[in-house]
Structure formats: C-alpha cells, structure tokens
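FYI, side chains are in, hydrogens and waters are out, and symmetry mates aren't considered; it's all heavy atoms of this structure. As the structure is a computational prediction, the values presented were derived from the model and not from experiment.
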Amino acid sequence: MATSSRSRPVRAASTALLLLLAGCSLAPAYAPPTVAVPAAYKEAPTGWTAATPLDAAPRGAWWTLFADPVLEGLESRIEGASPTLAAAVARYDAARAAAGEAAADLYPTVTASADAVRQRTSARRPGANAAGRFTDATAGASLAYELDLWGRVRNSVHAARAEAEASAADLAAVRLSLQASLADAYFRLRGLDAEAALLRETVGAYSKALELTQARHEGGASSGLDVSRAQTLLSDARAQISDVANRRAATEHQIAALVGAVPSALSIAPVDTGVGSPPPVPAEAPALLVQRRPDVAAAERRIAAANAQIGVARAAFFPDVTLGLAGGFESSHGGLLSAPAGFWALGPLSAALDLFDGGRRQARVRISRAQYDEAAANYRETALTAFREVEDSLAAARLLAAEAADQNSAAAAAARTSDLALTRYREGAADYLQVVTAQTAALDAERAAIAVQTQRMQTTVALVRAFGGDYSTPDGALPARTAMLQADNN
C-alpha cells in the first residue's frame, strides 16, 4: 500500500505533463501582414462617402443596379450552367474533403478483426504423443492513437482548413469574375446595338443625300464627282453595318460560352434604346476592401496555412508517440463470446525519432518559412493591386463622365454642321465636299459618343469587381460557402 501511495503523485505528475504537452504547438503565433491602408481614395469624387443608398438591392446580385431584365436573366444562368464555375466548386469540395481527411488524425483509428483457423498439430511435436485437431476462433478490435504532443496533427488540420477557406474565397472570386465578364460583354453588345442603329439611320440619310446629288447631276447643277462622293459615303456606311454585325455575333457567342450554352442555343434580341446610363456607385472606406475582396481573403488564408505548416515541419524534430490498445475473444473449443475467452492488451506505447537524416528536417523548416514569406508577399501584392484597381475604376468613372458630356456636345454640334452643309449644298451655296466632310465628322462624333457611354457602363462593372462584389454587403460579411465552412469547423 505504501508503494501505491508513493506512485500516485508520480502518475498525477505524468498525466499533468502529458496534458501540458498535448496543448503544445510549434507554429509561430499568426498575424496577417499589415498593408498600408489609405484614409480615402485619391480618385474618389468630392462628396462620395461610405454611405450605401442602394442597400435595398439583393445582396450579391449587384447587376440588378442596372435594372436590365435581359442582363439579370443571363446572370442567373451562370450559377447552374457555367463549366468554369462548376470546376471551381469541385476544387472547393476537394479542399473541404482534404480538411476533413486531415481532421481525422485527431481521433484514434479503430480496427475490427475476426478470423477462424482449423488446424492439425504434428504428432511429433515436443511433448505430444499424437496429432491433434482444433479450431482457433478470434474476434476483437484494436485501437491506435498518435499523441499529438508537439501539435503536428493540429497544425496540419489548421493548414488544411485554411486552404479550404482560401478555396472558398477562390470560388467567390471565380463567380465574381464570371459575373463581371458577362456584364462587360453584355454592355459591349448593347453598345454595338446602338452603333448598328446609328449606322442604319445614317444609311437612310446618306441614301437621301445620294438621291439629291443624282437629281442635281441630272439637272446639270452638280458634277458626277458629287454623285461618286455620295455613293462612297453610302457604301462605306453599309460596310460598317456588316462589320458591327460581325463583332456583335462574336460578342453574343462569348456570352453564350460564359453562361454555359452553345452559341446556336443563345440569341439576344437587339435593341434600339441605346447603351443606358450607369448607376451611381458610392465609394467605400478603403479598409472594407480588404475584407470584401475574395482574392485578398484567399491570399490571407494561404498565409495562415503556410504559418501552420511551419509548426508541422518543426514537430518533425520531436518523437512521434503512438498508443495502442487491443482486446477481444479467442477460443478453440466453443464459448467464444464468454468471459474466460476474453483478452486485452494495453500498448504498445511507442516513440520514434530520426536521429540523423542528413539535414532533411532542417530543409523542410526552411522550405516552410520560405513558403510563408512567399504567401505574405503575395498577400501584400494582392491587396495593393486591389487598391490600384479601385483607384483606376474611380478615375475612369469620373473622367469618362466628363468625357461623355463633352463628346455628346461635340456630336450635337457635328450633327448641326452636317445639316447646315447639306442645306447649303441644296441651295447651291456650297460644294458637296463640305457635305462629305461634315457628314463624316458627324458620324464619327456620334459613334465616339456611343463608345464612351459603353465604356462608362463597363467601368461601373469594373468598379463593382474592384470592390469585390455588392458594395451593400455589411462589414465583415463572408461568401456563403466560407461562412458554411466555418460553421462546419466550429
């Protein structure tokens, strides 16, 4: 009894030591690298604030800001039909499964076994006078568990979960990229529709001008040169209609590919209502960008994964400790599942450590640290790129608005000049070269106005992409799949 009393403190101390070691982790304390965040965007127009007056729009469905039913219908097809998005979903599912596989090492491995052997023993074996026959039946289970004293398993789990969260952010980035690419192509298509409508109207005007020059030529009031010039303008305008139609067909085919349809299965009816006007998109506080952009979130999660891998590499310098447990029943003459047939074994408690590996473990630690440094540099680069893209889009939105106003004024002035030149020619006060020059300038100015308005719509899409999606998403909100993954981990 005295011996047992003395052993209790030893066992208690050993248990406390094991519990202490079980909480040990050799990964460095993690903190994402800091990025210098500006207090305000340089290119934000005066009066832009962090307010979100359009926060009643459906969260994530940022394209509803344009109030275009056709665009909304196309965007809704991406989720279920895009092969690019389906591949990203598969990658995310694989990352989640890898995280689950890593987490399985937190639990013991239990193996059940059963076997039966019919055996004949030799009559000439030592101590025997005759041969024997018997059946040996065994049923039992064994357990093996790695004592995670140095945090190798836990850090592996942390790394796998961080990679899965990064994959969720990658999925959100792919989804946003597809949605933005579709909207960009759609507004380019509508710009071509507006250009085609202008050219058809121009062909009608040029046809009337040709009839006028032919009538004047037949009356001797103008030369055949005027007729040739009028015919040239008309034919050139008709050729440009074909060129626009060709570009529109290619854009429509691109949209079909983005929504996962074959080109022959998708047809978008042209409209004559113009490109439209971009909705106001308020500027956010710069700090919110780091939380919202999925590519920035993915880069940060990969830093966390690399940080945990340092702990995994460090744990290799300490022994792997494994505990075994086995038990079951064995009998050679019936009564297998009875108390006398039971057996059990606790152990082995084994430890294994490489004493010499030629520097392999040191190299793995250096590799893991280098991979962490690479991930940190990629994070800073991604964040800086995000801020640059916002500044670019804000500058483009502001400057294109001013350009559109000036270009519309230029188009209106050119149209008046064309009308005056044609009137003067009809009255015999000017030659047809002035008409040709004025009509060409008017067409160029009107097409430029359409191009600028198309760019404004595309810039709004680029700005939404730069902000990471719907700017009305609350601070700190995560993509749906990331939130679901964190719920699973908890």
Side-chain angles (χ1 to χ4, degrees), residues 1-24 93-161 164 312 315-355 357 488-490:
M1 295 297 294
T3 303
S4 176
S5 299
R6 287 195 299 270
S7 66
R8 288 173 184 169
V10 176
R11 289 198 299 268
S14 301
T15 302
L17 179 61
L18 288 175
L19 291 175
L20 179 63
L21 291 176
C24 178
D93 291 339
R96 286 191 67 187
E101 181 183 22
D105 289 338
L106 294 171
Y107 304 95
T109 300
V110 179
T111 304
S113 62
D115 59 75
V117 178
R118 180 65 177 171
Q119 185 174 350
R120 179 186 183 278
T121 59
S122 171
R124 296 183 179 181
R125 71 185 185 279
N129 297 322
R133 292 181 178 84
F134 64 91
T135 300
D136 184 15
T138 304
S142 61
L143 178 148
Y145 179 61
E146 179 180 350
L147 300 179
D148 192 23
L149 303 181
W150 327 113
R152 183 194 70 81
V153 175
R154 279 171 286 126
N155 283 317
S156 296
V157 173
H158 292 161
R161 286 179 174 172
V312 175
F317 287 95
F318 298 87
D320 295 333
V321 181
T322 304
L323 174 65
L325 176 66
F329 300 91
E330 182 178 13
S331 175
S332 61
H333 52 275
L336 176 63
L337 302 179
S338 60
F343 70 88
W344 61 268
L346 178 61
L349 179 62
S350 62
L353 175 66
D354 293 334
L355 298 179
D357 60 3
D488 290 345
N489 291 342
N490 293 334

>> With side-chain contact (heavy atoms from CB on, under 4.5 Å) as the criterion, how do Phe343 and Thr138 come out once you've worked through the C-alpha distance, each side chain's angles and the decisive distance to 0.1 Å?
In response: CA-CA 10 Å; Phe343 70 88; Thr138 304; 4.3 Å; yes
> Around Glu101, counting heavy atoms of other residues, nucleotides and ligands shown, do more than 12 lie under 6.0 Å from its CD?
Replying inline: no
If you look at every heavy atom in [X] and [Y], which pair is closest and at what distance?
| X | Y | answer |
| --- | --- | --- |
| Leu325 | Ala345 | CD1-O, 3.4 Å |
| Leu353 | Phe317 | CD1-O, 3.6 Å |
| Arg152 | Ala315 | CB-CB, 3.6 Å |
| Leu336 | Ala139 | CD2-CB, 4.4 Å |
| Val312 | Ser156 | CG2-OG, 3.4 Å |
| Ala160 | Ala99 | CB-CA, 3.7 Å |

>> Please determine whether side-chain contact (heavy atoms from CB on, under 4.5 Å) holds for the pair Leu349 and Val321, giving the CA-CA distance in whole Å, both sets of side-chain angles, and the decisive distance to 0.1 Å.
In response: CA-CA 7 Å; Leu349 179 62; Val321 181; 3.8 Å; yes
>> Distance check, rounded to the nearest 0.5 Å: Tyr145 atom OH versus Leu323 atom CG?
In response: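 That separation rounds to 9.5 Å.
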> Can you tell me how far the CG atom of Asp136 sits from the CZ atom of Arg118, to the nearest 0.5 Å?
Replying inline: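 Between atom CG of Asp136 and atom CZ of Arg118 there are 11.5 Å.
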> Checking side-chain contact (heavy atoms from CB on, under 4.5 Å) for the pair Asp105/Glu146: CA distance, chi angles, key distance, verdict?
Replying inline: CA-CA 8 Å; Asp105 289 338; Glu146 179 180 350; 5.9 Å; no
> Between Trp150 (side chain) and Pro319 (backbone), is there a donor-acceptor pair under 3.5 Å?
Replying inline: yes
> Between the side chain of Asp148 and the main-chain N/O of Arg154, is any donor-acceptor distance below 3.5 Å?
Replying inline: yes
